[in-house]
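Protein chains get the first letters and strands the later ones, always in sequence-line order, with residue 1 at the start of each.
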Protein chains: 2
Amino acid sequence: MKKKDVKKISSNMEDYLEVIALLKHKRGIVKVTDISQMMRVKKPSVTGALNMLSRYNLVVHEPYGYVELTLEGAKIARETQKRHNLLTKFLGEVLKIDLRIAEQDACKIEHSISTQTFEKLTKFIKFVETCPEGTRPQWLKSFDQYYETGCRFNCKTHIVKSKK
Amino acid sequence: MKKKDVKKISSNMEDYLEVIALLKHKRGIVKVTDISQMMRVKKPSVTGALNMLSRYNLVVHEPYGYVELTLEGAKIARETQKRHNLLTKFLGEVLKIDLRIAEQDACKIEHSISTQTFEKLTKFIKFVETCPEGTRPQWLKSFDQYYETGCRFNCKTHIVKSKK
DNA sequence: AATTTTTGTTAGGATTGGCTAACAAAAGTT
DNA sequence: AACTTTTGTTAGCCAATCCTAACAAAAATT
């Protein structure tokens with residue numbers, strides 16, 4: 001099956017898969033009620049979503065039984081979570097957005113970013129995290145200050161000074 | 001009317017408003033066919049969307065007439081475009097994502113970012129653009145290299161070297 | 001002015017996704 | 001075992017979007 005033939009599922013379905021994976025991980029079993037609570041939708045909506053996910057072969061779900069992800073479903077869930085975590089990290093750690101808001105934004109943006117953006121951003125965060133200067137690179141601290149005060153210290157000047 | 005009372009419109013409606021504003025700006029008048037082409041939907045879909053936007057008082061549209069944005073509609077369109085441009089800039093100029101892809105991503109993400117993220121990112125870009133080192137700050141060049149080669153030159157070392 | 005072409009609307013249908021009310025099944029209690 | 005509570009499904013409804021086919025209005029042509 002070529003890439004072009006893979007029917008893309010909706011953001012919504014991605015969200016369901018993500019939640020199912022999370023519950024599976026946290027509790028071992030996945031029940032309609034739990035999904036319902038976590039997704040903040042009523043139970044019939046969950047039943048409906050599960051039917052659709054079953055049609056796409058992304059979950060296995062016998063009526064009144066537990067919910068299981070298929071391999072394909074688990075894969076999509078993992079990928080979605082990866083995007084989610086990446087974005088949360090970028091917004092939270094790099095930009096220092098409030099965690100709650102970073103989470104909310106990540107939750108929505110996660111369905112929209114291209115592979116290329118995902119990869120660039122991954123590298124970018126790695127670039128920030130592996131900075132030899134310590135936890136937070138100088139230039140980012142400089143940005144923090146710029147954001148707070150509207151002023152900036154010149155990177156070069158600063159470093160030269162610190163060597164005195 | 002308090003903020004909480006403002007009924008939020010869908011991403012879709014935001015897109016229509018954005019396109020209408022764009023056409024208004026480019027051609028002076030806005031016709032169903034143009035919207036249809038730019039949105040890549042059929043004309044009946046446009047008629048439908050315009051009816052909905054009219055109900056929300058975001059456009060004025062007499063049957064068979066031109067389309068006009070109301071003040072409120074224009075405001076939403078402007079804000080959406082601002083988010084769009086910001087994201088395109090960030091992805092394109094900072095991360096150097098291919099322009100086409102940056103555009104596509106921006107187009108989707110623009111509907112999802114919080115005010116806080118918008119503002120932080122705005123400052124971030126300003127921080128990058130007003131860098132005293134020239135067009136592209138040293139740390140970003142360093143990232144470019146890191147992305148290309150997987151290796152990084154130490155910022156301090158580099159600067160010290162360049163002073164010899 | 002009559003005809004043709006273009007443009008826009010209506011009517012009717014599909015899909016996704018959510019809801020309530022009512023019922024059925026499973027689990028827990030006495 | 002019988003009853004109650006919890007859990008899950010079905011049925012039926014609504015809204016947002018999109019579509020096609022058919023029609024109506026406006027614009028352009030002859």
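With C/dT7, D/dT7, C/dT20 as the candidates, the nucleotide lying closest to the side chain of B/Lys43 is C/dT7. Between C/dG18, C/dT9, C/dC19, one nucleotide has an atom nearer to the side chain of A/Asn12 than all others, and that is C/dG18. Closest to the B/Val41 side chain, of the nucleotides C/dT9, C/dT16, D/dC18, is D/dC18. Considering only side-chain atoms of A/Lys31, the nucleotide from C/dT16, D/dG8, D/dC19 that sits closest is D/dG8.
Rounded to whole Å, atom C1' of D/dT9 lies 16 Å from atom NZ of A/Lys42. Protein atom NE2 of B/His111 is 11 Å distant from nucleotide atom P of D/dT17, rounded to whole Å. Regarding B/Arg40, its CZ atom lies at a distance of 17 Å from the C1' atom of D/dC19, rounded to whole Å. Atom CG of A/Asp34 and atom C1' of D/dT7 are 11 Å apart (whole Å). Across the protein-nucleic acid pair, B/Met13 atom CE and D/dA16 atom C1' stand 8 Å apart, rounded to whole Å. The CE-P distance, from B/Met52 to C/dT10, rounds to 14 Å in whole Å. If you measure from atom NZ of B/Lys8 to atom C1' of D/dA16, you get 15 Å, rounded to the nearest angstrom. Distance A/Gln37 CD to D/dT6 P: 13 Å, rounded to the nearest Å.
The other members of the hydrophobic cluster of B/Leu23, by chain and number, are B/Ile9, B/Met13, B/Tyr16, B/Leu17, B/Val19, B/Ile20, B/Leu22, B/Val30, B/Val32, B/Ile35, B/Met38, B/Met39, B/Val41, B/Val46, B/Leu50, B/Met52, B/Leu53, B/Tyr56, B/Leu58, B/Val59, B/Val67, B/Leu69, B/Ile76 (side-chain heavy atoms under 4.5 Å, ILVMFWY only).
Look at A/Tyr66 and you won't find any side-chain N or O under 4.0 angstrom from OP1 or OP2 of D/dG8. OP1 or OP2 of C/dC19 lies within a sub-4.0 Å distance of a side-chain N or O belonging to A/Ser45. Side-chain N/O atoms of B/Asn51 include none lying less than 4.0 angstrom from OP1 or OP2 on C/dT9. Taking 4.0 angstrom as the limit, B/Thr47 places none of its side-chain polar atoms (N or O) nearer than this to OP1 or OP2 of C/dG8. Close to C/dT6, at under 4.0 Å from its OP1 or OP2, lies no side-chain N or O of B/Thr33.
Residues B/Gly92 and B/Ala102 share a closest heavy-atom pair of N-CB, 4.1 Å.
B/Leu91 contributes atom CG, which lies 14.0 Å from atom NZ of B/Lys96 (distance to the nearest 0.5 angstrom).
B/Phe118 does not carry B/Lys82 over the face of its six-membered ring by the limits of under 6.0 Å from the centre and within 45° of the normal.
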Please determine whether ring-ring contact (aromatic ring centres under 6.0 Å, His included) holds for the pair B/Phe90 and A/Phe90, giving the CA-CA distance in whole Å, both sets of side-chain angles, and the decisive distance to 0.1 Å. CA-CA 13 Å; B/Phe90 174 72; A/Phe90 174 72; 5.6 Å; yes

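Heavy-atom nearest nucleotides on DNA chain C were determined for A/Tyr64 and for B/Val30, and the one closer to the 5' end corresponds to B/Val30. Take the nearest nucleotide of DNA chain D for B/Tyr56 and for B/Pro44: the residue whose nucleotide is more 5' is B/Tyr56.
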